[in-house]
Amino acid sequence: MQDKQLLKLLKQQQKILSKIALGQPLSEISEEICLAIEEMLEDESAKCSILSLKGNQLFHCAAPSIDAQYCQIINGVEIGPNVGSCGTAAFSETRIIVDDINTSPLWKDFKQTALNFGLASCWSTPIISTKSTVLGTFAVYHTSPKSPTEQDLELIDYFVNFTSIALENDANASELNEVISQLKHSNEKFEAFTQVMPDLVLILGEQGEYVDVYGSSDDFLYASLAQTKGKSINDFLAPKDSQPIMTILEKTLSSNEIQVFEYELDVPKGRIVFEGRTVPVEHYQSKNSYSRHVLWVARDITQRKQAEKAIEKLAYYDPLTKLPNRRMLNERLDMTVEKIKRSGETGALLFLDIDDFKRLNDSLGHSSGDELLVEVARRLGTVIRKSDTLARLGGDEFVVLLEYLGDDNEKANLESAIVAQKIHKTFDEEFKVGALKFQVSCSIGICLIEGTNVSASNILKFADTAMYRSKAKGGNSYSFYDPQLQTLLDRKIELETEILKAIENQEFCAYFQPQINNEGKVVGAEALIRWVHPVKGIIAPGEFIPVAEQFGLIQRLQNIVLNDICNLLKRLNPCVIDDDFKVSINISPSQFKSSLLKSALLNILHSHHVSPSKITLEITESMLAHDVEHTVQQMEELKSEGFTFSIDDFGTGYSCLAYLHAYPVKQLKIDKSFIDRISNKESGFSIVKTIIDLANNLGMGVVAEGVETKEQFTILKHCNIDSIQGYYFAKPMPMNDYLNNHSKNFKRD
Ligand code: C2E
Ligand code: CA
Ligand code: CA
């Protein structure tokens with residue numbers, strides 16, 4: 001190359017490089033390159049074109065001397081093995097020299113276009129990047145067929161180099177722009193997310209310094225977002241709160257793993273439970289790329305935690321009294337039993353049931369009943385120690401679990417008796433519900449927990465059994481579990497099922513026993529229930545009535561008896577019965593207390609069209625002893641329906657004779673035990689006489705029960721007595737027998 005030409009080349013080189021360095025647009029630089037090589041080639045017809053490769057397409061970059069229309073046509077051409085000089089060069093990554101477009105097979109598809117625009121030859125060189133990828137093509141066209149000289153090719157290589165720098169530079173710049181715009185975009189997205197998410201996102205430095213804080217509200221921070229800048233958590237939090245946070249930071253960084261944890265903090269919104277997640281972040285700050293950071297995401301889970309607590313409360317606590325419920329008690333009892341098995345110590349379980357609660361609840365109304373239970377729970381709470389458990393099993397049943405009462409049985413016995421006494425003492429004071437004040441008592445059963453073969457479920461059952469014993473004693477007492485009693489209870493439970501089955505099989509019926517007056521006329525009869533067992537024969541009521549009563553079956557038995565009474569009354573010939581003829585039915589204590597008694601009786605009588613005036617209700621003295629007001633009201637109501645009352649077993653109870661006149665009673669039944677002793681002139685007779693006088697004074701009638709002998713009958717005949725009932729005349733008998741004998745007046749000679 002001549003000096004002059006070399007100088008020119010250097011100048012051009014300088015010009016182009018400075019444009020590249022200044023970051024001028026690629027189109028401008030490549031145009032400059034094209035013009036420069038056209039000038040250097042010293043052939044008027046040389047026309048340079050630069051195409052850039054994107055994917056597998058070539059795009060126009062610069063061709064200042066070629067018709068713009070041609071450039072437009074080939075813009076975007078896909079590279080391939082036979083796609084003119086440029087398409088083939090880019091595809092094969094080698095220089096393609098076509099000295100005559102007209103004859104070259106590579107141009108077969110494009111030659112007409114080229115020829116139309118006066119292009120006859122085309123030398124194309126692929127532009128290769130420093131990373132050996134094809135960036136585009138550098139082509140020199142001539143208007144007539146032409147081959148390049150050595151020098152031409154040298155020159156072309158020289159300019160291809162520049163072009164490669166320019167293209168590569170441009171590609172890097174646009175890649176960078178792309179990255180920047182992507183970054184911006186994702187940053188915008190991130191900020192949008194953090195503004196609406198319920199969480200708090202912190203970027204914390206290794207020393208707990210706030211680097212960045214994102215979140216929808218400041219409520220979760222102890223200071224505003226702005227205030228946190230440049231500060232560390234130690235500036236805001238007391239050591240007791242900051243210390244655990246620092247520990248998590250250290251753990252996150254040292255383990256390099258995600259940490260998930262929960263923590264609580266006082267923030268402007270209140271005491272918040274957070275669920276935290278942390279992860280270490282490397283190179284978070286470019287200026288500080290060696291320091292490490294922790295991304296800390298905190299989510300407010302206070303509500304969830306509260307809900308969880310509420311659910312637990314529901315599952316383990318009684319909502320009314322807030323005491324542990326049966327479930328919690330069972331778990332504690334299991335634990336206590338296990339502990340006692342290992343330690344050999346002794347504990348105790350006290351089972352407590354409020355006396356007469358059902359009646360209180362029925363008469364006071366349920367909300368007052370609830371109030372009473374809450375007060376009972378409160379009072380029980382004052383008796384027990386912290387280590388003990390007080391639970392409500394439901395209804396009016398409470399349990400006190402005493403975990404430790406010493407190493408020996410005797411001491412435990414004494415200790416638990418003391419607790420039971422203390423419990424009873426808390427009931428001494430009257431209970432106030434609304435404006436009402438009343439006395440309440442409770443029955444307690446105690447089962448000691450000792451030894452190695454105890455089971456939690458048995459302990460509860462045994463204490464319950466013992467409680468029943470207290471009830472049987474009349475309530476307001478405590479009893480210890482006694483295994484023999486358990487056998488009895490098991491038997492009762494068995495009997496209950498048998499009774500239920502017998503009701504279904506219609507094995508129950510009423511027997512009738514006549515009551516006869518001084519003139520030997522039948523004036524009434526008592527209906528007495530019998531169980532006609534298919535195997536055991538006739539079973540007397542004493543064997544099943546108490547169980548039926550305890551298990552709430554008595555009303556069903558009573559219905560059977562009342563039905564039989566109605567049938568008997570209907571079948572009795574009206575000619576042979578007196579207008580005053582009545583049949584008595586025995587009413588048990590639980591029935592008598594019930595507010596349903598009246599409707600139960602009337603339902604059956606109405607269905608048979610039998611008047612209540614034909615029925616005498618036999619109740620015992622002890623039923624009169626409780627709650628005078630309620631009892632009188634109940635009796636008055638029944639009386640107004642037409643029923644009459646007779647006091648059964650009179651003389652054996654403790655009824656206050658002075659009060660007897662307060663009750664609407666028509667008749668007293670002198671108990672058999674007095675009749676048995678009536679032949680004894682001294683004591684026996686005078687008692688009977690006193691009762692008869694009392695009844696007469698109160699305007700009541702008298703029936704003597706259990707009259708077995710002629711002697712008894714003769715004595716009574718001379719007393720002012722209304723009627724006599726006993727084996728002397730007739731034993732209780734089935735309905736048909738009774739009907740057969742009634743008209744004959746059960747005559748005896
Ligand atoms: P109670 O009401 O005192 O019935 C009288 C009991 O004395 C009857 O026994 C009767 O059979 C018996 N008796 C009658 N005359 C004589 C006699 O001269 N000598 C002897 N030794 N006994 C006589 P029973 O039928 O076994 O009934 C026992 C108790 O069972 C009854 O005593 C009553 O309290 C109860 N009971 C019977 N039936 C029913 C019923 O339908 N409902 C209820 N709630 N209790 C009933
Ligand atoms: Ca009776
Ligand atoms: Ca009786």
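One-based numbering, in listed order, for ligands and for the atoms of each. The figures that follow rest on heavy atoms only: side chains count, while hydrogens, waters and symmetry mates do not. Keep in mind that this is a model prediction, so the values were computed, not measured. We're numbering straight along the sequence, starting at 1.
- Proximity of Ile585 to ligand 1, defined as any heavy-atom pair under 4.0 Å, is not found for any part of the residue.
- To the nearest 0.5 Å, atoms CG (Asn697) and NE2 (His661) are separated by 13.0 Å.
- Close approach to Arg530 involves these atoms of ligand 1, each under 4.0 Å from a residue heavy atom: 11 (O), 24 (P), 25 (O).
- Checked for salt-bridge contact, Asp356 and Lys593 meet the test: a charged N lies under 4.0 Å from a carboxylate O.
- Taking the Ca ion (ligand 3) as reference, the nearest N/O/S atom within Asp649 carries the name OD1.
- Among all non-hydrogen protein atoms, the one lying nearest atom 3 (O) of ligand 1 is Asp649 OD1, 3.3 Å.
- Close approach to Gly726 involves these atoms of ligand 1, each under 4.0 Å from a residue heavy atom: 15 (N), 18 (O).
- Looking at Glu526, its N, O or S atom nearest to the Ca ion (ligand 2) turns out to be OE2.
- Summary of contacts: the protein heavy atom closest to atom 38 (N) of ligand 1 is Ile529 N, 3.1 Å.
- Ligand 1 places these atoms under 4.0 Å from at least one heavy atom of Ser588: 44 (N).
- With salt bridges taken as basic N to acidic carboxylate O contacts below 4.0 Å, one links Arg378 and Glu375.
- Taking backbone and side-chain atoms together, Ser646 has no N/O/S atom less than 3.0 Å away from the Ca ion (ligand 2).
- The proximity of Lys731 to ligand 1, defined as any non-hydrogen pair under 4.0 Å, does not occur for either the backbone or the side chain.
- Only one option out of Glu526, Lys669, Glu618 pairs with Ser584 in a side chain to side chain donor-acceptor pair (under 3.5 Å); it is Glu618.
- Backbone or side-chain N, O or S atoms of Asp648 reach the Ca ion (ligand 2) at under 3.0 Å.
- In this structure, atom 9 (O) of ligand 1 has its sub-4.0 angstrom surroundings free of protein heavy atoms.
- Atom OE1 is the N/O/S atom of Glu705 found closest to the Ca ion (ligand 3).
- Of all the heavy atoms of Gln725, none lies under 4.0 Å from any atom of ligand 1, so neither backbone nor side chain is involved.
- Of all the heavy atoms of Glu549, none lies under 4.0 Å from any atom of ligand 1, so neither backbone nor side chain is involved.
- By the criterion of a heavy-atom distance under 4.0 Å, neither the backbone nor the side chain of Lys669 is placed next to ligand 1.
- For atom 45 (N) of ligand 1, the nearest protein heavy atom (residue, atom name, distance) is Asn586 CB, 3.6 Å.
- When you scan the N, O or S atoms of Glu618 for the one nearest the Ca ion (ligand 2), you land on OE1.
- When distances from atom 32 (O) of ligand 1 to the protein are checked, no heavy atom turns up under 4.0 Å.
- When only non-hydrogen protein atoms are considered, atom 12 (C) of ligand 1 lies nearest to Tyr727 OH, 4.4 Å.
- Of all the atoms in ligand 1, the ones that sit under 4.0 Å from a non-hydrogen atom of Val561 are 41 (O).
- Between His630 and Phe592, the ring center distance fails the sub-6.0 Å criterion.
- Ligand 1 places these atoms under 4.0 Å from at least one heavy atom of Asp648: 1 (P), 2 (O), 3 (O).
- In this structure, Tyr478 and Phe480 have perpendicular ring planes: the angle between them is above 60°, well past the 30° mark.
- Nearest to atom 19 (N) of ligand 1 among the protein's heavy atoms is Glu708 OE2, 2.6 Å.
- Under a 4.0 Å N-O distance rule, the pair Asp362/Arg359 does not qualify as a salt bridge.
- Using a 4.0 Å heavy-atom cutoff, Gly542 is absent from the residues neighbouring ligand 1.
- For atom 4 (O) of ligand 1, the nearest protein heavy atom (residue, atom name, distance) is Leu528 CD2, 3.5 Å.
- Atom CD of residue Glu397 and atom OG of residue Ser443 lie 11.5 Å apart, to the nearest 0.5 angstrom.
- Of the protein's non-hydrogen atoms, the one nearest atom 5 (C) of ligand 1 is Glu705 OE2, 3.4 Å.
- Side-chain rings of Tyr738 and Tyr511 stay apart, their centers remaining 6.0 Å or farther from each other.
- The shortest contact between atom 29 (C) of ligand 1 and any protein heavy atom is with Pro541 CG, 4.2 Å.
- Taking every non-hydrogen atom of Glu526 and a distance limit under 4.0 Å, the qualifying atoms of ligand 1 come out as 2 (O), 4 (O).
- Side-chain contact of Thr616 with Ser646: a donor-acceptor pair under 3.5 Å is absent, judged by distance alone.
- Using bins of under 30°, 30° to 60° and over 60° for the plane-to-plane angle, the ring pair Phe462/Tyr481 lands in the parallel bin.
- Phe431 carries Arg379 over the face of its six-membered ring, with the cationic atom under 6.0 Å from the centre and within 45° of the normal.
- In this structure, Lys731 is positioned above the aromatic face of Tyr727, its NZ or CZ under 6.0 Å from the six-membered ring centre and within 45° of the axis.
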Next on the checklist: Set out, in order, the CA-CA distance, both residues' side-chain angles and the distance that settles side chain to side chain contact (heavy atoms under 4.5 Å, CB included) for Asn567 and His608, then state yes or no.
Outcome noted: CA-CA 8 Å; Asn567 287 328; His608 288 277; 3.6 Å; yes

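- Below 4.0 Å from some heavy atom of Pro732 lie the following atoms of ligand 1, by number and element: 11 (O).
- The OG1 atom of Thr497 lies 13.5 Å from the NZ atom of Lys492; values are rounded to the nearest 0.5 Å.
- Checking only distances, Gln558 does come within under 3.5 Å of ligand 1, N or O to N or O.
- One distance of note links CG of Leu436 with CG of Leu364; it measures 6.5 Å at 0.5 Å rounding.
- For the atom pair Asn586 CG and Leu617 CG, the distance stands at 10.0 Å (nearest 0.5 Å).
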